[in-house]
S.K.: 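Encoded as structure tokens, here's the structure I'll be asking about.
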Amino acid sequence: MHDYRVLRDDVEMLRGAMERRGKRDQYEPVIARGIALDASRRAMIQAVEEKKAARNQNSQEVARRKRNKEDAEELIAAGRLLGEEIAGLEYELGQSQADLDAILLDLPNVTLDEVPAGDESANRIEKSWGTPRDGAGCKPHWELAAQLGILDLERGAKISGSGFVVMRGAGARLTRALMNLFIDLHTREHGYEEVWVPVLVNRRTMIGTGQLPKFEEDMYAIRDEEMYLVPTAEVPVTNLYRDEILTGAELPRGFVAYTPCFRREAGAAGKDTRGLLRLHQFDKVEIVRYTTPEQSPEEHERLTRHAETLLERLGLPYRRVLLAAGDTGQSSAKTWDLEAWAPGVGKYLEVSSCSTFTDYQARRANIRYRPAAGEKPRFVHTLNGSGLAFPRVIACLLEHYQQPDGTVRLPEVLHPYMGTAVLG
RNA sequence: GGACAGGUGGCCGAGUGGCUUAAGGCGCACGCCUGGAAAGCGUGUGGUGGGGAAACUCACUCGCGGGUUCGAAUCCCGCCCUGUCCGCCA
């Protein structure tokens, strides 16, 4: 969400940002309407406040006369008229305000200068780690998993539908192991506070992080309740401090949470549907940071390193990709995707998305901090990243560490969590 | 789900229609006092929006939203949340 003032003072900047996202044409009429609404809104505010000041003064005078047992009929009549005028103006103002808010909620965040313009073809690989295994002779994870008996796609589909999976035996245990490994690392070595949060949230929470009102069709909702299943722990965790004012001294702050994630994947039908590549329900550990605006660039790098560290501990080759503006999510100002190599499917799989949202989410969720006692509150910057998403990590682990006989040799860091070195 | 009791500023707490532009206290900040501190005394202490270069000023804000009224923290209606008890339940 943007400040109203952008429409007054910085509209060229906004237009440029939409241009870089390839959405100038889409948003130009929205921006134009926003500018007009902002101007009329301000005029109405002035008019209505003038009337209210008059009404307040009038009421004071009525009170004074009544105390002195003087006649106030004339003033009461004048007050009645003012009240009617105010009611009319306020109704109009409410309409303008609602329309303008809808526009401000609809406009995507402004990407940072270093984010390349254009669509995903302009995405930029910024670094690579490890040596991708040659895919020759490598099986895809769904074959390995079937052979190992750790993944039951058929029964997942029976119980819930396609895109829902059952993990069994070592597969189920692997999920629990990754959850513990990731949370342990983030709490013990990266300084995050562990939190356990609701996965069913109200509408206001979904608006706070930017999923609503725009992406209603991507969300699972509870009928008759106006509750939503979270698509990521980012939603409840970022909203922890909604409508609160933190102190500057407690920033930066980091939180780590495991949650299941629920996504309808409405626009992705038929894409990457095999095995563990794209699910309606999956598990993920998420890291979220609150920072000051000044610290947010370095915090973004730090958070991304925290996610990368997990891949390095698991020994999975990966690359860091800077998303172009057109591929960057609505709320994000800059996103690095971490993609781990899956030799069996012969692709890099997105296992983490590390974003800085600047003050976009903080405005929507009204999360502020006071730099020092007595100073004005400012919006925090919020950041988050997957650390990491399990199904694709499991796919990469199986494929990367597979042996010719179909067994899988696990990386050492998982041995204590799994109680074994080999699957199969 | 039902009954009852509540929701006031950072915190406690007064306040059943106009002399409240939210009393008083605590906390906090600054000042006086002091060799230094404590105590004491004094002053100041929220947020949002509009106007203004600023000083400042106007409006809104007593859980949220409506309503009654010239005027609502106060009266009415709906909702949310918290507590206690009952019911149900992992």
S.K.: Can you tell me if A:Thr205 and A:Asn202 form a side-chain donor-acceptor pair at under 3.5 Å?
M.R.: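 A donor-acceptor contact under 3.5 Å links the two side chains.
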
S.K.: At under 4.0 Å between heavy atoms, how does the protein contact nucleotides 47-72 of chain B? Give one character per nucleotide, 5' to 3', with B, S or -.
M.R.: SSBSS------BBS---------BS-

S.K.: If you measure from the C1' atom in B:U69 to the same atom in B:U74, how many Å do you get, rounded?
M.R.: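 After rounding to an integer number of Å, I get 13 Å for this pair.
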
S.K.: Around atom CZ of A:Arg168, are there more than 12 heavy atoms of other residues, nucleotides or ligands at under 6.0 Å?
M.R.: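 Open.
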
S.K.: Can you tell me how far P in B:A54 sits from the matching atom in B:U68, rounded to whole Å?
M.R.: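 Roughly 40 Å separates the two P atoms.
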
S.K.: Determine the interatomic distance between C1' on B:G36 and the same-named atom on B:G27; round to the nearest Å.
M.R.: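 Taking atom C1' in both B:G36 and B:G27, they lie 24 Å apart.
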
S.K.: For the pair made of CE in A:Met227 and P in B:C80, what is the distance, rounded to whole Å?
M.R.: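 Rounded to whole Å, this separation is 12 Å.
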
S.K.: Just checking, A:Arg41 and A:Tyr4: is the charged tip under 6.0 Å from the six-membered ring centre and within 45° of the axis?
M.R.: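 Positive - A:Arg41 is close enough to the ring of A:Tyr4 and near enough to its axis.
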
S.K.: From the options A:Glu189, A:Glu308, A:Glu412, select the one residue that forms a side-chain hydrogen bond (donor to acceptor under 3.5 Å, both in side chains) with A:Arg313.
M.R.: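 Checked A:Glu189, A:Glu308, A:Glu412 against A:Arg313; only one passes side-chain hydrogen bond (donor to acceptor under 3.5 Å, both in side chains): A:Glu189.
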
S.K.: Taking the P atom of each, how far is B:G51 from B:G13, in whole Å?
M.R.: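 It comes out at 40 Å once rounded to the nearest Å.
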
S.K.: Ignoring hydrogens and angles, tell me if any N or O in the side chain of A:Ser355 forms a donor-acceptor pair with the backbone of A:Thr335 under 3.5 Å.
M.R.: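 No, the answer is negative, given that no donor and acceptor are paired below the 3.5 Å cut-off.
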
S.K.: If the P atom of B:G35 is compared with that of B:U45, how far apart are they to the nearest Å?
M.R.: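 Their P atoms lie roughly 31 Å apart.
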
S.K.: Taking the P atom in each of B:G2 and B:C64, what is the distance between them to the nearest angstrom?
M.R.: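 Result for the P pair: 24 Å, nearest Å.
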
S.K.: Atom CG of residue position A:Asp9 - does it have more than 12 heavy atoms of other residues, nucleotides or ligands inside 6.0 Å?
M.R.: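 Yes, enclosed.
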
S.K.: Using the ring-ring contact (aromatic ring centres under 6.0 Å, His included) criterion, which residues pair with A:Tyr220? Sequence neighbours excluded.
M.R.: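 Counting only residues at least two positions away or on another chain, A:Tyr220 forms no ring-ring contact (aromatic ring centres under 6.0 Å, His included).
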
S.K.: Distance to the ring centre below 6.0 angstrom and angle to the axis at most 45 degrees; does that hold for A:Arg392 and A:Phe282?
M.R.: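 Judged by the rule (NZ or CZ under 6.0 Å from the ring centre, within 45° of its axis), A:Arg392 is not positioned above A:Phe282.
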
S.K.: Roughly how far apart are A:Met44 CE and A:Glu49 CD, rounded to 0.5 Å?
M.R.: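 So the gap between those two atoms works out to 13.0 Å.
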
S.K.: Provide the distance between the two C1' atoms, one in B:G6 and one in B:C62, to the nearest whole Å.
M.R.: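 So the two C1' atoms sit 14 Å from each other.
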
S.K.: Let's test your reading of the pairing rules: Watson-Crick or G-U wobble, both distances under 3.5 Å, then write RNA chain B as a dot-bracket string with ( ), [ ], | and dots.
M.R.: ((((((((.[[[..)..(.....]]]((((((.......))))))((((((....)))))).[[[[[..)....]]]]])))))))....

S.K.: What distance, rounded to whole Å, do you find between the two P atoms, one in B:G63 and one in B:A72?
M.R.: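 To the nearest whole Å, 16 Å.
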
